[in-house]
Amino acid sequence: MRVSPHPAPPRSSSVDSPARNGLHFITFLRQNLKIAVLRYHRVHQVQIGKVIIWLGLPQLLVIPLVPRLMQRFDARILIGIGILLFGGSSFFTSHLDSNFAGPQFYIPLAIRALGQPLIMVPLSAVSTAGMAKGR
C-alpha cells in the first residue's frame, strides 16, 4: 500500500531540521524562563509583556517584506543572514546575569525578531520547493 503516488518524498534542506529544532528549543526555553521569572522573582506578566513585545512587533514589519526579498535574493542567502542575526542576538545576551532587567533585552530581542522571519519563511519555501503542485 502506497500513501503517496510519488516514489520518494521530497527532501528538505540540510539546514531545515536543525534550524527548526533550534528555534523550537529556544522558544521552549523562553517560555520556561518566563514561568521561572514569574514564580521566583515576582515579576508581573505585564512587565514581561513589555519586554517580549520587542520580539513580536519588529516581526510584523519584517514578515511582509520577506517574500519581496525572496524575489530579489536567493533563499539560502536570506536563511544565512537570518541565522547570523538570530545567533548574534544570542551572543548579545550571553553575558547577562540576574542583575539585568527589561531594557537590556530590547536590542537583542529586536535583532532576533529581524532574523527569525528571515529563517522561517525562506526555509519553508526551500523545504516545500520539491513538492508537486496540489499536494
K.L.:
So, applying side chain to side chain contact (heavy atoms under 4.5 Å, CB included) with L69, which one of V121, I77, L78 is it?
P.N.:
L78

K.L.:
Side-chain heavy atoms under 4.5 angstrom apart, residues restricted to Ile, Leu, Val, Met, Phe, Trp, Tyr: same cluster for I119 and V126?
P.N.:
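Same cluster: I119 reaches V126 through Ile, Leu, Val, Met, Phe, Trp or Tyr contacts under 4.5 Å.
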
K.L.:
Identify the two heavy atoms, one from P117 and one from Q59, that lie closest to each other, and give their separation to 0.1 Å.
P.N.:
CG-CG, 3.9 Å

K.L.:
Would you kindly confirm whether L84 and I79 end up in one hydrophobic cluster when ILVMFWY residues are joined by side chain heavy atoms under 4.5 Å apart?
P.N.:
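No, no single cluster joins them.
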
K.L.:
R112 versus P58: any side-chain heavy-atom pair under 4.5 Å?
P.N.:
no

K.L.:
Cluster question for you: counting only ILVMFWY and a side-chain heavy-atom cut-off of under 4.5 Å, with indirect links fine, are V62 and L57 together?
P.N.:
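Different clusters.
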
K.L.:
Should L85 and M70 be counted in the same cluster of Ile, Leu, Val, Met, Phe, Trp and Tyr side chains packed under 4.5 Å apart?
P.N.:
yes

K.L.:
S127 and S124: which non-hydrogen atoms are nearest, and at how many Å?
P.N.:
OG-O, 3.1 Å

K.L.:
For the hydrophobic clusters of this structure (ILVMFWY residues joined by side-chain heavy atoms under 4.5 Å, transitively), does one cluster hold both L114 and I81?
P.N.:
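Per the 4.5 Å side-chain linkage, L114 and I81 are co-clustered.
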
K.L.:
Report, as yes or no, whether the 6.0 Å neighbourhood of atom CD1 on I107 holds more than 12 heavy atoms from other residues, nucleotides or ligands.
P.N.:
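Result for CD1/I107: open.
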
